[in-house]
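The structure under discussion appears below in the form of structure tokens.
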Amino acid sequence: MRYYSTNKKARPATLEEAVVNGLAPDRGLYMPERIEKLPKEFFDAIDTMPFQDIACVVADAFFGEDIEKAELESIVRDTLSFDCPVVEVTGDIFSLELFHGPTLAFKDVGARFMARLLRHFISAKRGQTVNVLVATSGDTGSAVANGFLGVDGIHVYVLYPKGKVSKIQESQFTTLGRNITAIEVDGAFDDCQALVKNAFMDAELNRRMYLTSANSINVARFLPQAFYYFNAYARMKERGLADRLVVCVPSGNFGNITAGLFAREMGLPVERFIAANNANDVFYEYLATGEYNPRPSIQTIANAMDVGAPSNFARIYDLYGGDHARITSIVAGATYTDAQIREAMGECHAKTGYTLDPHGACGYRALAEGLRPGETGVFLETAHPAKFKDTVEDAIKASVDIPERLAKFMSGKKQSVGLSKEFADFKAFLMQE
Ligand SMILES: *Cc1c(COP(=O)(O)O)cnc(C)c1O
């Protein structure tokens, strides 16, 4: 399979090039040149299939031409070492729980898959370590570090701004050791990002070591997210509730919902999607007006969705040939203030006993307000509420238990390297590694 750039100026790439480079040379996002429709027999039997088996079929449609079948299956099964169950919240609203992985957020799926795919590609170039550089404001670092933890031939450097990520988040990438190095930068997130960018542009450094990124726009992180949309449908079909399915996705950079739209193009019978936003709602505006005006992000309590210029807008636009009417016929929008998000967490907990995190709360509320008669809704619960313990407890007036795997990170010993925000320091550190 070839991958073309949404900017259409770069030449099409192989899967390996798309995965190793992340972004196309013309700064566009890679798209698979074909989206295969899955056969009717697959959908007829899907409710009898376990999640991992379903994911193998979906993975084969994207990656089957480029990776040998048994190897691909083992990558998929190894990635999905945890379930993505569908849980009833009210009679017609269900939660697709994506927080059962190692770092308790959906990004585990893409990060784990990408790590294993990268290992597959580099095992051909034996002997050379691939160094993954990632700048994080919190959640990406933990998903990438844990996704790559213990993967042979790969070393991960996580750069994070000193004092600007929560203790829980910090513990998820500074306590791992092994092939993960945490670098605490005396600066802001933007400084971390600048250090990574400069490293990729530094000729001397690139001669010395093989560098790559694990950015969320990477096709190997984005496409595997389609797996759990098929599982949501299967588990709803099992309940006899899949006839008019609406899937609601709390969205920031729009990678997650784009994977859902790809699933629909593969034939997944989802009636429509809802993209739920916090106050960063440029996509909501686009749906309403046809005009896309990115702007700087503002801080909210659903902070993983604080994105003012969602990268994957380019993929959605390309997927539907820029046809606004077509896009609005498939995707609706919703937007919520922090007060409304808190209200949704409180109301849902009081009415049903289900504890939402601030991101899932946007999804829940959009379904509670937006479902039409006869429709059944599934929202993506993108993170475990304990990751946002204080905010959630304050909203639901009850305590939130910390799962054991999260507590374990918090009791680990912090190991990090302190560096200034000067590129010369970072470069010197990498050169002596
Ligand atoms: C990253 C993230 C989102 C946003 O997902 P996108 O793919 O960027 O739209 C939503 N919720 C949580 C918890 C996240 O970590």
What residues form a side-chain hydrogen bond (donor to acceptor under 3.5 Å, both in side chains) with [X], not counting sequence neighbours?
X: H155; result: T181
X: D394; result: none
X: S420; result: D425

_Assess, by modelled atom type and distance only, whether the side chains of D83 and Y228 contain a donor and an acceptor separated by less than 3.5 Å._
no
*Assess the side chains of D401 and S399: does a donor N or O sit below 3.5 Å from an acceptor N or O?*
no
What are the two closest non-hydrogen atoms of [X] and [Y], and how far apart are they?
X: A242; Y: Y233; value: CB-CE1, 3.6 Å
X: I168; Y: A386; value: CD1-O, 4.0 Å
X: A275; Y: I257; value: CB-CD1, 3.7 Å
X: G22; Y: Y30; value: O-CD1, 3.4 Å
X: L287; Y: G333; value: CD1-N, 3.4 Å
X: P32; Y: F62; value: CG-CE2, 4.4 Å

Taking C-beta and beyond as the side chain, do [X] and [Y] meet within less than 4.5 Å on heavy atoms?
X: T174; Y: Y160; answer: yes
X: V57; Y: F230; answer: no
X: F227; Y: I54; answer: no
X: V134; Y: T140; answer: yes
X: E343; Y: R365; answer: yes
X: M345; Y: Q340; answer: no
X: M305; Y: N280; answer: no
X: L371; Y: V246; answer: yes

Under 3.5 Å, which donor-acceptor pairs link side chains of residues 188-201 to any protein atom two or more places apart or in another chain?
unit_1, atom_1, unit_2, atom_2, d
D191, OD2, A188, N, 2.7
N198, ND2, A194, O, 3.2

Does a salt bridge link [X] with [Y], judged by any charged N lying under 4.0 Å from a carboxylate O?
X: D78; Y: R116; result: yes
X: R295; Y: D281; result: yes
X: R244; Y: E271; result: yes
X: K237; Y: D47; result: yes

*Which residue pairs pass the salt bridge (Lys or Arg N to Asp or Glu O under 4.0 Å) test with at least one member in residues 304-324, sequence neighbours excluded?*
K8-D318
Nearest 0.5 Å, please: how far is [atom2] in [Y] from [atom1] in [X]?
X: I46; Y: E238; atom1: CD1; atom2: CD; result: 10.5 Å
X: L261; Y: I35; atom1: CG; atom2: CD1; result: 9.5 Å
X: N303; Y: H359; atom1: CG; atom2: NE2; result: 5.0 Å
X: S311; Y: N215; atom1: OG; atom2: CG; result: 7.0 Å
X: R112; Y: I75; atom1: CZ; atom2: CD1; result: 12.5 Å
X: R405; Y: Q172; atom1: CZ; atom2: CD; result: 9.5 Å

*asked:* With side-chain hydrogen bond (donor to acceptor under 3.5 Å, both in side chains) as the criterion, how do D108 and T103 come out once you've worked through the C-alpha distance, each side chain's angles and the decisive distance to 0.1 Å?
replied: CA-CA 7 Å; D108 281 332; T103 71; 2.7 Å; yes
*Sequence neighbours excluded, which residues qualify as ring-ring contact (aromatic ring centres under 6.0 Å, His included) partners of Y364?*
none
*Please name all residues satisfying ring-ring contact (aromatic ring centres under 6.0 Å, His included) with F379, sequence neighbours left out, ordered by chain then number.*
none
*Do D26 and S5 pass the side-chain hydrogen bond (donor to acceptor under 3.5 Å, both in side chains) test, and can you show the C-alpha distance, the side-chain angles, and the key distance before you say yes or no?*
CA-CA 8 Å; D26 62 3; S5 161; 2.6 Å; yes
Could you tell me which residues satisfy side-chain contact (heavy atoms from CB on, under 4.5 Å) with [X], sequence neighbours excluded, listed by chain and number?
X: R264; value: F273, I330
X: A115; value: F148, V151
X: V86; value: F94, L96, A232, R235, M236, R239

_Taking ring-ring contact (aromatic ring centres under 6.0 Å, His included) as the cut-off, I'd like each qualifying pair that reaches into residues 236-265, sequence neighbours left out, listed once._
F222-F262, F254-F283
*Listed once per pair and sorted, the ring-ring contact (aromatic ring centres under 6.0 Å, His included) pairs that draw on residues 289-341, sequence neighbours left out*: Y286-F313, Y286-H324, Y292-F313, F313-Y317
Does atom [atom1] of [X] have more than 12 heavy-atom neighbours, drawn from other residues, nucleotides or ligands, at distances under 6.0 Å?
X: Y284; atom1: OH; result: no
X: K37; atom1: NZ; result: yes
X: E33; atom1: CD; result: yes
X: K389; atom1: NZ; result: yes
X: K164; atom1: NZ; result: yes

_Working for salt bridge (charged side-chain N to carboxylate O under 4.0 Å, His left out), residues D53 and R77_ = CA-CA 8 Å; D53 291 4; R77 291 183 193 279; 3.0 Å; yes
_Checking S216 against N218 for the side-chain hydrogen bond (donor to acceptor under 3.5 Å, both in side chains) test, could you report, in this order, the C-alpha distance in whole Å, the side-chain angles of both residues, the deciding distance, and whether it holds?_
CA-CA 5 Å; S216 71; N218 197 296; over 6 Å; no
*Walk me through it: do R2 and D66 pass the test salt bridge (charged side-chain N to carboxylate O under 4.0 Å, His left out)?*
CA-CA 10 Å; R2 296 270 155 178; D66 298 298; over 6 Å; no
*Could you give me the CA-CA distance, side-chain angles and deciding distance for E184 and K414, then say whether salt bridge (charged side-chain N to carboxylate O under 4.0 Å, His left out) is met?*
CA-CA 11 Å; E184 188 171 21; K414 173 175 159 178; 3.3 Å; yes
*side-chain contact (heavy atoms from CB on, under 4.5 Å) between L15 and M1, intermediate numbers included*: CA-CA 7 Å; L15 175 62; M1 179 94 77; over 6 Å; no
